[in-house]
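When a ligand or atom number is given, it counts from 1 through the structure's own listing order. Keep in mind it's a predicted model, so treat the numbers as computed, not measured.
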Amino acid sequence: MTASAPRSRDAHLVATAAGGHVFVVDGSRLFDAAADLFGRFDTAMSEGRIGEVLERLGLGGAPWIDDVPLTAPPLHALSLAVAQKCNLGCTYCYAQQGEFGGAAKNMAGERAHQAVDLLVDGADPGARLTLAFLGGEPLVNRSVLQTATRRAAERAAARGVTVNFAITTNGTLLTEADASFFEEFGFAVTISLDGPRDTHDAQRPYKGGKGSFDRIMANVAPLLSRQRRMQVSARVTVTPANLDLRLTLDEFVDAGFHSVGFSPMLASPTGKGEMQAGDLEVMLGEMIDCGREFERRWRAGDRYPFANMVNAMREIQRGTHRPYPCGAGAGYLGVSADGDLAACHRFVGDADGAMGSLDAGIDAARRSAWLAGRHVHTQEPCRNCWARYMCGGGCHHEVISRGRPACDYIRGWLHYCLEAYLRLSPTGLDEGRRTTAEVA
Ligand code: SF4
Ligand code: SF4
């Protein structure tokens with residue numbers, strides 16, 4: 001983690017076998033640097049003068065991202081907690097076994113339709129929207145999920161907007177008919193799976209304690225074989241008990257998932273399953289091991305759908321720079337079964353992320369205050385971190401409940417991704433990368 005440690009808020013240095021490179025934080029710009037220039041950057045960084053050097057090279061100027069909070073953008077994504085109840089008893093569940101700390105409940109059809117109308121009727125023609133179904137376990141309330149989907153598709157067609165559909169499910173209730181429905185509407189289906197059978201079953205048992213893995217894999221088989229419009233991905237929540245990521249990735253890639261992604265468990269209601277510093281260090285090594293396999297397969301022209309890596313390569317190529325980690329409380333809101341609006345699906349039932357209700361409308365004052373208070377320039381130690389515009393300051397929900405225990409992991413992963421991107425770019429990821437000499 002030494003190479004990824006924070007030295008300057010303005011730049012970060014990356015050395016690969018091909019030479020030296022500088023990542024200019026402002027604008028997330030990546031440049032090659034000849035050996036002498038790389039040495040000057042290194043010295044200037046040690047002396048706290050890197051800003052001056054960048055300025056002289058014409059890489060300074062007005063900041064790409066200022067301190068002005070985002071003006072609330074048009075709503076483009078809603079997630080509906082159609083069922084605040086669940087049939088599993090996962091050890092670390094943020095929704096507290098699906099019920100978000102309250103009584104188990106389903107969303108009524110009229111509520112779901114009200115949410116669909118909020119999303120679709122307010123959209124500009126040509127907009128691309130996302131309607132997501134989460135829980136609890138959303139398939140507990142299948143009929144409302146289906147009527148809301150149909151209503152959204154019909155109203156979107158009438159208004160000339162596009163709606164993409166997504167569901168995150170534990171997979172235990174999936175049927176062949178669900179496969180047909182998700183294929184018809186082109187759903188992005190995410191299945192929560194925490195590893196091979198024994199590992200998964202220890203973390204994601206039924207409420208009675210029985211393992212759920214065999215049932216899920218049997219249920220998911222018809223979906224995996226029918227992926228045309230629909231895409232079926234596996235999402236792995238990483239705890240200290242399932243750190244063998246490469247084994248998990250290969251098992252799910254071989255099973256035919258469209259992609260496989262990993263997220264560390266950083267904040268659970270009971271603290272159970274939370275990753276500590278040593279676990280995150282192990283996880284980083286495993287992620288890099290998976291990344292190296294991705295690099296090897298990329299060179300061989302083979303598909304290896306390691307979602308974290310694919311997303312990172314895409315974001316580095318685009319030069320993604322943003323003052324927030326996600327769209328929560330901005331263009332994205334969550335809706336509770338009772339129709340309350342929240343900053344995202346994880347803030348359902350949580351006063352910290354309350355954003356109004358379907359009946360009263362979006363609370364514009366709370367949304368503005370959220371966007372002002374969550375801007376990465378207002379966060380410590382983010383405002384001086386080289387990774388701030390790629391990381392955005394970390395998941396708001398995790399930060400509010402536990403702080404920022406994973407910064408070394410985040411920077412270590414991003415540093416590796418920059419290196420990998422530089423290694424892969426001569427093979428076609430980015431032929432347009434410039435040198436600092438060209439810029440100067
Ligand atoms: S949360 Fe992200 S931006 Fe903030 S200090 Fe940690 S790594 Fe840097
Ligand atoms: S706040 Fe966290 S859980 Fe919510 S959308 Fe953002 S990253 Fe996801």
Side-chain angles (χ1 to χ4, degrees), residues 1 3-12 23 25-26 28 65 70 73 75-81 92-95 100 130 132 134-135 166 168 190 192 235 237 261-269 275 277 280 283-284 287 307-308 311-312 315 320-336 341-350 352-355 367 370-371 373-418:
M1 291 191 191
S4 60
R7 292 177 68 197
S8 160
R9 69 184 311 277
D10 297 317
H12 180 66
F23 175 74
V25 174
D26 206 14
S28 296
I65 292 177
L70 190 68
L75 191 63
H76 64 76
L78 269 188
S79 67
L80 311 191
Y92 50 70
C93 181
Y94 73 84
F100 294 86
T130 299
L134 290 97
T168 298
T190 301
S192 301
R235 181 187 189 277
T237 298
F262 298 97
S263 305
M265 168 46 71
L266 295 180
S268 73
M275 298 282 276
L280 288 162
M283 180 173 174
L284 177 60
M287 289 287 282
N308 305 67
N311 293 340
E315 302 225 327
T320 296
H321 53 284
R322 56 183 180 214
Y324 302 94
C326 58
Y332 169 48
L333 295 176
V335 187
S336 76
L341 297 171
C344 80
H345 53 284
R346 283 184 78 170
F347 282 98
V348 163
D350 183 338
D352 282 334
M355 292 283 157
R367 208 169 171 207
W370 169 275
L371 290 170
R374 304 305 312 168
H375 191 295
V376 75
H377 288 182
T378 68
Q379 305 294 308
E380 293 290 354
C382 309
R383 58 203 300 273
N384 288 313
C385 171
W386 68 262
R388 64 189 177 278
Y389 299 134
M390 288 201 288
C391 165
C395 165
H396 303 299
H397 190 268
E398 290 167 349
V399 168
I400 289 169
S401 39
R402 193 180 164 201
R404 296 188 166 89
C407 295
D408 288 341
Y409 164 80
I410 293 168
R411 281 187 294 257
W413 171 244
L414 290 174
H415 178 88
Y416 163 73
C417 288
L418 288 168

S.K.: Which residue pairs pass the salt bridge (charged side-chain N to carboxylate O under 4.0 Å, His left out) test with at least one member in residues 382-397, sequence neighbours excluded?
M.R.: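 Salt bridge (charged side-chain N to carboxylate O under 4.0 Å, His left out) check on residues 382-397 returns E380-R383.
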
S.K.: May I ask you to identify the nearest protein heavy atom to atom 6 (Fe) of ligand 2, giving residue, atom name and distance to one decimal place in Å?
M.R.: C326 SG, 2.3 Å

S.K.: Roughly how far, to the nearest 0.5 Å, is the CG atom of D350 from the OG atom of S336?
M.R.: 12.0 Å

S.K.: For the residue pair M390 and F23, what are the closest heavy atoms and their distance?
M.R.: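 In this case the closest contact between M390 and F23 is CE-CZ, 3.7 Å.
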
S.K.: Do any N or O atoms from the side chain of W370 and from the backbone of A328 form a donor-acceptor pair under 3.5 angstrom?
M.R.: yes

S.K.: Within the 3.5 Å criterion, strictly below it, is a donor on R322 or T320 matched to an acceptor on the partner's side chain?
M.R.: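 No, T320 and R322 have no side-chain donor paired with an acceptor closer than 3.5 Å.
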
S.K.: Considering only NZ, NE, NH1 and NH2 on the basic side and carboxylate oxygens on the acidic side, decide whether E398 and R346 come within less than 4.0 Å.
M.R.: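 Salt bridge present between E398 and R346.
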
S.K.: So which protein heavy atom does atom 8 (Fe) of ligand 2 come closest to, and at what separation?
M.R.: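 Looking at atom 8 (Fe) of ligand 2, the protein heavy atom closest to it is H345 CE1, 4.1 Å.
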
S.K.: Just by modelled atom types, is the L78 backbone N or O under 3.5 Å from a matching donor or acceptor in the Y332 side chain?
M.R.: no

S.K.: Distance to 0.1 Å, residue and atom name: give those for the protein heavy atom nearest to atom 3 (S) of ligand 2.
M.R.: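 Of every protein heavy atom, R346 CD, 3.3 Å lies nearest to atom 3 (S) of ligand 2.
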
S.K.: Below a 4.0 angstrom heavy-atom separation, can you tell me which part of C395, side chain or backbone, both or neither, approaches ligand 2?
M.R.: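 The answer is both.
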
S.K.: How far does OG of S79 sit from CG of L134, to the nearest 0.5 angstrom?
M.R.: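 If we round to the nearest 0.5 Å, S79:OG and L134:CG are 5.0 Å apart.
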
S.K.: Under a 4.5 Å cut-off applied to non-hydrogen side-chain atoms, are F347 and D352 in contact?
M.R.: yes

S.K.: For atom 4 (Fe) of ligand 1, check which protein N, O or S atoms are under 2.8 Å away and list them.
M.R.: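 Counting only protein N, O or S atoms under 2.8 Å from atom 4 (Fe) of ligand 1, the list reads C382 SG.
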
S.K.: Students should be able to answer this: which protein heavy-atom is nearest to atom 4 (Fe) of ligand 2, and at what distance?
M.R.: C344 SG, 2.3 Å

S.K.: What protein heavy atom sits nearest atom 1 (S) of ligand 2, and how far away is it?
M.R.: H396 N, 3.6 Å

